[in-house]
Protein chains: 2
Amino acid sequence: MTEKRTVCKNDILKQLYFQENLSCVDLSIIIEKSFPLTQKLIEELVADNLVTETGYAVSSGGRRPLTYAIQRNVMYMVAVAMDQFVTKIAVIDMQNHLVSSVTRIFLSLTETHSALQVLIDNIAGAIDTSGIPKEKFIGIGIGMPGFIDVKKGINYSFLSLPDNESITKHMAFQLGLPVFIDNDSSLIALAELRFGAAKGARNAMVINIGWGVGLGLILNGALYRGHEGFAGEFSHIPLFLNGKLCWCGKAGCLETETSLLLIKERAIEGINSGRVSRLNTLSLENHETAYQELIKAVQEGDQFTIELFSKAGYNIGKGVAVLIHLLNPQKIILSGRGSAAGKIWEAPIQQALNEHCIRRLFQNTNIEISVLGLEAQLIGAAALVMENYNEISFLKEETTGFELSQL
Amino acid sequence: MTEKRTVCKNDILKQLYFQENLSCVDLSIIIEKSFPLTQKLIEELVADNLVTETGYAVSSGGRRPLTYAIQRNVMYMVAVAMDQFVTKIAVIDMQNHLVSSVTRIFLSLTETHSALQVLIDNIAGAIDTSGIPKEKFIGIGIGMPGFIDVKKGINYSFLSLPDNESITKHMAFQLGLPVFIDNDSSLIALAELRFGAAKGARNAMVINIGWGVGLGLILNGALYRGHEGFAGEFSHIPLFLNGKLCWCGKAGCLETETSLLLIKERAIEGINSGRVSRLNTLSLENHETAYQELIKAVQEGDQFTIELFSKAGYNIGKGVAVLIHLLNPQKIILSGRGSAAGKIWEAPIQQALNEHCIRRLFQNTNIEISVLGLEAQLIGAAALVMENYNEISFLKEETTGFELSQL
DNA sequence: AAAACTTTTTTAATTATTTAACAAGTTTGT
DNA sequence: ACAAACTTGTTAAATAATTAAAAAAGTTTT
C-alpha cells in the first residue's frame with residue numbers, strides 16, 4: 001500500500017537533492033501540490049530528521065521564506081564513471097559530496113568477461129570500505145561509452161553478456177542494489193543540467209570533448225535518449241568529404257576531423273615534421289600524460305597547440321551548426337575533459353556558426369564552457385540514481401529485499 | 001473558480017477528439033485519474049449531451065467495454081493552411097470532419113500588409129457562412145511557412161507587423177477568438193502524430209516534402225519546437241560541398257540538392273536537352289500543374305521522372321542519416337505533397353542510410369509514407385487548436401468574452 | 001458445461017487535497 | 001513614517017479523489 005503522501009515525500013527528497021535550500025513555496029510549485037500539504041509533509045520530514053531547516057532566504061518583497069535541505073547522511077549512492085581504460089568509483093551523499101576518495105581502477109572495457117566481474121567486485125569493495133550500512137545505499141549509477149539501451153540495461157558495444165542478458169539485472173542481483181547505466185555523454189549532460197552550466201535550461205546540447213566527441217541532449221528539460229537509447233551519436237554524422245575511413249566503417253565522420261585523440265596525433269606529426277612547440281614529445285605517448293601536456297600547452301599559450309585546438313574547434317562548430325538547425329537549443333555547453341582548454345574553443349566554434357548557420361538561428365544560442373569538467377561524469381552517475389528515485393523508493397516499500405529482477 | 005472536475009472533463013473531451021471510441025478504462029488511464037472518478041465525469045458529460053455512448057467494443061478477455069465519442073457539433077474550430085501562394089480555410093468539427101467545402105484563396109505571403117487583412121477577412125467570412133453560432137468556435141489554428149515563434153505568435157519571415165507585434169494577438173483581437181500559429185511542417189507532424197502514420201509514436205521525424213523540404217520533430221511523444229520555436233530547419237543543414245548558393249545565403253544546403261522545386265527544374269532542363277519522357281513541358285511551367293504532372297509521371301512509371309525522384313530521395317536520405325544519428329527515432333514519415341509519389345521514395349532513402357548510417361542505429365527505424373498527404377496541414381491546424389484546449393477552456397470559464405490579450 | 005480467470009462496472013468507506021480566511025513579516029512608494 | 005501590496009505561514013472546514021470489496025459480464029480452460 002503505497003500511500004500517496006509517501007510518494008510526495010520522496011519527491012520532495014528528490015527535489016532537495018537536486019536543489020539545496022528550497023523554500024516551502026518553491027517546493028509546492030515544483031511538486032505541483034498545494035502549499036498547506038507541502039508544508040505538512042516537510043514538517044513530517046523534519047520531524048523524522050530527513051530534512052533540516054537551513055535558515056531564512058532573502059525576501060522577494062514579502063515575508064522571508066524558511067528554506068530546507070536534505071540531510072546528507074540520509075541515503076547514499078555509488079557513482080561509477082568508466083572510459084575505455086580507467087574506471088572511477090565513488091560513494092556520494094545527498095549533498096553530492098564524495099564520502100571518501102575516488103577509487104581508480106585500470107579496466108580495459110574490451111576484455112569483456114573478466115572486466116564485468118572486476119567492476120562488480122570493486123563496487124562491492126567500495127561499499128564495504130565506506131563503512132556505511134548497505135541499507136542506506138539506494139542504488140548504483142554507471143556511465144560508460146558505447147551503444148546503451150538504458151531501459152534494458154544492455155551495452156551493445158562493451159561488457160555484453162551472453163544472450164544479450166541485461167548487465168544491470170546481472171549486477172543488481174550480485175550486488176543487491178538497483179543498478180542504472182547510461183552513456184557517458186548522456187550522464188555528463190545530466191550533470192550539466194542538474195548542477196552545471198545547463199542548470200534550469202529546457203533545451204541544451206552538451207558536447208563531450210574527450211578522446212572521441214560525444215553529445216548529450218537536453219530537450220524539453222529532460223535528457224533525451226531516443227527510441228532505443230542511442231540518441232546523440234554526434235561523432236559519426238557524415239559531415240566531411242575527406243574520404244578518411246573512420247573505425248565505425250564509414251568515411252567522413254565528424255570524429256575523423258575532431259577529437260583529443262586527433263589533436264594528439266596531429267601534434268606528434270607536427271613535431272616530427274619540425275614544428276616549433278612547447279610540447280614534449282615524450283609525454284604525448286601515453287594518453288593520460290598527453291592530455292595533461294596538451295592542456296598545459298594551451299594554457300601557456302603555445303601557438304602550435306592552439307592552432308590544433310582551433311582547427312578541431314572549428315570542425316566541432318560545423319557539427320554544432322547542424323545541431324542548431326535541427327534543434328534550436330538555448331545553450332551549447334562544452335564539457336568533458338577537453339573543456340579544460342577553456343575559452344580557446346569559443347572563437348573557432350563561433351566562426352563555424354557564422355559560416356554555416358542561419359543568423360536568426362544562432363544569434364540567441366549561447367556557447368558555454370563547463371565548470372564541472374572531469375567531475376561531470378561521476379556527478380551525472382549519481383544524479384542518474386536520483387532521477388530514478390521514484391521507482392527505487394516504491395520498490396523499497398514493496399519488498400524489504402528489493403525486487404531486483406525488475407531493474 | 002475553476003473546478004478541478006471541469007478541468008478533467010475538458011481533458012476527457014480533448015482526448016475524445018484525438019481518439020474516437022475510447023472506453024472508460026482507457027480514459028481513466030490516459031487522464032491519470034481513478035476509474036470511479038472518470039466514470040462519474042463521463043456520466044455527466046453524457047447527461048449534458050457532449051458525449052455519446054458508441055456501443056460495446058470487443059472484449060479483451062473480460063466484460064465488453066462501453067465506448068464513448070465526443071458529439072461532433074459540440075465545438076468547432078477554423079483550420080488555416082497556408083503556403084507561399086495558396087491559403088486554405090476550413091471549418092472543422094469535433095470528429096475532424098469538414099463542415100463545408102474548403103475555401104481556397106490566392107494570397108501571396110510576401111505582400112505583407114494587405115495579406116494579413118485579407119486573411120482575417122476570409123476567416124471571418126468562413127465563420128459567417130458556416131452558419132454556426134460564433135460561441136461554438138473554440139479557436140483558429142494556422143499553419144504557415146517561415147520562422148515562427150509559437151509562444152509570441154510572430155512569424156519572422158512573413159506577415160510581420162510593425163514593432164514585432166504578435167499576429168496571433170492582432171488576429172484574436174479582430175476575430176474575437178483565440179488564434180494559434182505554427183510552422184507548416186510542425187503542423188504536418190502534429191497531424192501525423194495524432195491521426196496519421198506516427199500515431200502513438202514517441203519519437204518520429206516527419207519530413208515535409210514540398211516545394212522545399214521541411215521537418216517536424218516528434219520527441220518524447222510531443223511536438224518539439226526548440227528554444228525559440230525554430231527547430232526542424234532541416235533544409236538548410238550544410239550537408240553538401242556542391243558550392244551551390246542557396247537563397248538563405250549559405251552554400252551546400254540540403255535544399256540545394258532536393259525538393260520538388262529542384263525536381264521540376266531538373267525535369268525542364270532534362271527535356272530541353274533531349275531526354276525522352278512522358279512529361280509535358282507545358283504543364284511544368286505552373287507550380288500546381290507541374291506538381292500534378294510529376295506525380296502522374298511517377299505513377300505511370302516514367303523512367304526519367306523516377307530517376308529525378310530517386311536522386312532527390314537519396315539526398316533526403318543523407319539528411320535522414322544525420323537525423324538518425326542524432327535522434328534515434330522510431331519512425332521516419334514522408335509527408336507533405338511529395339508523399340503522393342509513394343513508395344518511390346523508400347528505396348533511395350534506404351540506400352542512403354545503408355551508406356551513411358551506422359547499422360545498429362537504423363535497423364529498427366521504419367520509413368513510412370503518409371496517408372494523410374495534402375490534408376495533413378489542415379488537420380494539423382485543427383489539432384493545434386485542440387492541443388491548446390486546456391487553456392482555451394480555462395479562459396472561457398474566466399471571462400465570457402475571452403481574455404484575448406493573453407493569447 | 002462448469003470452473004477459473006479477466007475485464008469492466010458499481011458502490012461505500014476512507015483518505016487526500018484544496019480552499020478560504022486569517023495572521024505575520026518585508027518591501028515599495030508616497 | 002505609514003499605508004498598500006505582496007509573500008509566506010497557519011488552521012479548520014469543505015471538497016475531491018482513491019481504495020477496496022463485490023457484482024456483473026465476458027472468455028478461456030478443463
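By convention in this document, chain letters (A, B, ...) are assigned in the order of the sequence lines, proteins followed by strands, and residues within each chain are numbered from 1.
- With rounding to whole Å, Leu66(B) atom CG is found 13 Å from dA24(D) atom C1'.
- If you measure from atom CG of Asn21(A) to atom P of dT8(D), you get 15 Å, rounded to the nearest angstrom.
- At distances below 3.5 Å, at least one donor-acceptor pair connects side-chain atoms of Gln95(A) with backbone N or O atoms of Ile70(A).
- With Gln71(A) as the partner, the side-chain contact (heavy atoms from CB on, under 4.5 Å) test is satisfied by one option alone out of Val51(A), Asn49(A), Leu45(A): Asn49(A).
- In this structure, the CD atom of Glu32(B) is 14 Å from the C1' atom of dA17(D), given to the nearest Å.
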Do nucleotides 1-7 of chain C as a string where each nucleotide becomes B, S or -: B if the base has a protein heavy atom under 4.0 Å, S if just the sugar-phosphate does, - if no protein is that close. -----BB
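- Here the options are Ile379(B), Leu187(B), Ile333(B), the test is side-chain contact (heavy atoms from CB on, under 4.5 Å), and the partner is Glu192(B); only Ile333(B) passes.
- The CD1 atom of Ile31(B) sits 10 Å away from the P atom of dA17(D) (whole-angstrom rounding).
- Atom CD of Glu32(B) sits in a sparse spot, with 12 or fewer heavy atoms from other residues, nucleotides or ligands closer than 6.0 Å.
- For the pair Arg5(A) CZ and dT15(C) P, the computed distance is 12 Å after rounding to whole Å.
- Between Leu41(A) and Tyr56(A), the residue anchored closer to the 5' end of DNA chain C is Leu41(A), taking for each the nucleotide with the nearest heavy atom.
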Determine whether Asp11(A) and Tyr389(A) satisfy the following criterion, side-chain hydrogen bond (donor to acceptor under 3.5 Å, both in side chains), listing intermediate values before the conclusion. CA-CA 8 Å; Asp11(A) 202 12; Tyr389(A) 182 59; over 6 Å; no
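- Between Lys33(A) atom NZ and dT15(C) atom C1' there is a gap of 13 Å when expressed in whole angstrom units.
- In terms of modelled atom types and a separation under 3.5 Å, the side chain of Asn328(B) and the main chain of Glu228(A) share a donor-acceptor contact.
- The stretch residues 44-53 of chain A has no heavy atom under 4.0 angstrom from DNA chain D at all.
- In the set dT19(C), dT18(D), dG9(D), the nucleotide with an atom closest to the side chain of Leu37(B) is dT18(D).
- In this structure, of dT11(D), dT9(C), dT19(D), it is dT9(C) that holds the atom nearest to the side chain of Phe35(B).
- The interatomic distance linking Leu27(A) (CG) with dG9(D) (C1') rounds to 15 Å, in whole Å.
- Under the side-chain contact (heavy atoms from CB on, under 4.5 Å) test applied with Val385(A), the options Ile92(A), Leu177(A), Ile392(A) reduce to a single match, Ile392(A).
- A tilted orientation is assigned to the rings of Tyr76(B) and Phe137(B), their planes being inclined by 30° to 60°.
- Counting to the nearest Å, the C1' atom of dT19(D) and the CD atom of Gln39(B) are 15 Å from each other.
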Begin with the C-alpha distance, continue with both residues' side-chain angles, and end with the deciding distance and a verdict on side chain to side chain contact (heavy atoms under 4.5 Å, CB included) for Asn21(B) and Tyr68(B). CA-CA 5 Å; Asn21(B) 298 333; Tyr68(B) 300 88; over 6 Å; no
